[in-house]
Amino acid sequence: MSEVFPFALFQPLSAESREYDDVVNILHSAYLDFNSKANFAYKKASLVHSELLEKEFIEKRRELKLDGRSEKELAESYAFLKVDRALVQNICENGLQVGHSKMTVLGSPSMGIYLSRYADLLQANTLDPRATGDMIIFKVIKGRMKSICDTLGVKPMDSTSKSALDPTPKHECHVLKNANKINSVLSYRAYERSQYYFYEYGFDEIRQRPRHVCPYAVVSFSYKDEKVPKYLTLSR
């Protein structure tokens, strides 16, 4: 990645380094499917150093703590986004802006951002057997989460009701109510149903970039799946 991205923003990691192992361990610990460890290979990794975004992430955490949030709500974790390489630098330099997604299952895409909960569930369609790509690992504070009823598979108009689209004041994140019941990457609409939806109110207006979401690392991956045909449902 060093030949493509500026070094000041990106710190390329040697595959023999402890930091590289840390990044891979974050990915491995965020798999939905145990078999994904054999399917994904990581070729390059870089840590992201955006002084502004890191400073604002810390400030947001401090504000939430002063607001009386619990240690669980203040805990840092990780979320993931598969991106076109051409967009990586801008996102890592300026943060992920609202409007990047077209999903509506958890909230209006013009008012918040969508990130993947699982590192092996990166897009709606099954990855091609020999796919390659780039993903950004984000450090996130989930804060106070609002559980949203599952409208996928119900009447299409139901998922566009205004009450479901508005970010919830005094909260930082929307999740699907039954998201923890998704147990396979091949589950119905697993990608959409396992998303995080982050947002931030600044006074009465929605911020264009939630401060509790901060780029942490960029990873290039390759995917192979020679055992399961693309649209075959696994019997378990």
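Numbering of residues begins at 1 and proceeds along the displayed sequence. Bear in mind that the values here come from a model prediction, so they are computed numbers and not experimental data.
Looking at heavy atoms from C-beta onward, L122 lies in side-chain contact with F80 at the 4.5 angstrom threshold. Under the 4.5 Å side-chain criterion, counting only non-hydrogen atoms from C-beta, L127 is in contact with K82. Two residues are said to be in side-chain contact when any heavy atoms from C-beta on lie closer than 4.5 Å; F198 and L96 fail this criterion. Using a 4.5 Å cut-off on side-chain heavy atoms (C-beta onward), L176 and Q195 make no contact. Taking the side chain as every heavy atom from C-beta outward, S77 and K142 approach each other to under 4.5 Å. Side-chain contact between L64 and K60: present, with at least one pair of heavy atoms (C-beta onward) separated by less than 4.5 Å.
Ion pairing between a basic and an acidic side chain is recognised when a charged N comes within 4.0 Å of a carboxylate O; E192 and R189 show such pairing.
Taking each heavy atom of M135 and A119 in turn, the nearest pair found is CE-O, 4.0 Å. Closest of all the heavy-atom pairs between S14 and S17 is O-OG, 2.7 Å. Taking every heavy atom of both residues into account, R61 and I141 meet most closely at CB-CD1, 3.5 Å.
Here CG of L87 is found 10.5 Å from CG of D134. Values are rounded to the nearest 0.5 Å.
Between F40 and Y42, the ring planes are parallel. Angles under 30° get that label, and only those over 60° would be called perpendicular. The aromatic rings of Y197 and Y114 sit tilted relative to each other, their planes meeting at an angle between 30° and 60°.
Using modelled atom types, one side-chain atom of D120 and one backbone atom of D33 make a donor-acceptor pair closer than 3.5 Å.
The side chain to side chain donor-acceptor pair (under 3.5 Å) test with R211 is passed by exactly one of E200, E56, E172: E200.
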>> Between C214 and E54, does the side-chain contact (heavy atoms from CB on, under 4.5 Å) criterion hold? Intermediate values first, please.
In response: CA-CA 7 Å; C214 182; E54 289 169 1; 4.0 Å; yes

> After noting the C-alpha distance and the side-chain angles of C173 and V175, does the key distance pass the side-chain contact (heavy atoms from CB on, under 4.5 Å) rule?
Replying inline: CA-CA 7 Å; C173 179; V175 292; 4.0 Å; yes

> Does the pair H174 and Y196 meet the rule for a ring-ring contact (aromatic ring centres under 6.0 Å, His included), with working shown?
Replying inline: CA-CA 6 Å; H174 286 179; Y196 291 124; over 10 Å; no

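Residue K43 qualifies as enclosed at atom NZ: its count of foreign heavy atoms under 6.0 Å is above 12.
Looking at S70 and R144, their side chains never bring a donor and an acceptor atom within 3.5 Å of each other. Residues D225 and Y223 bring a donor and an acceptor atom of their side chains to less than 3.5 Å of each other.
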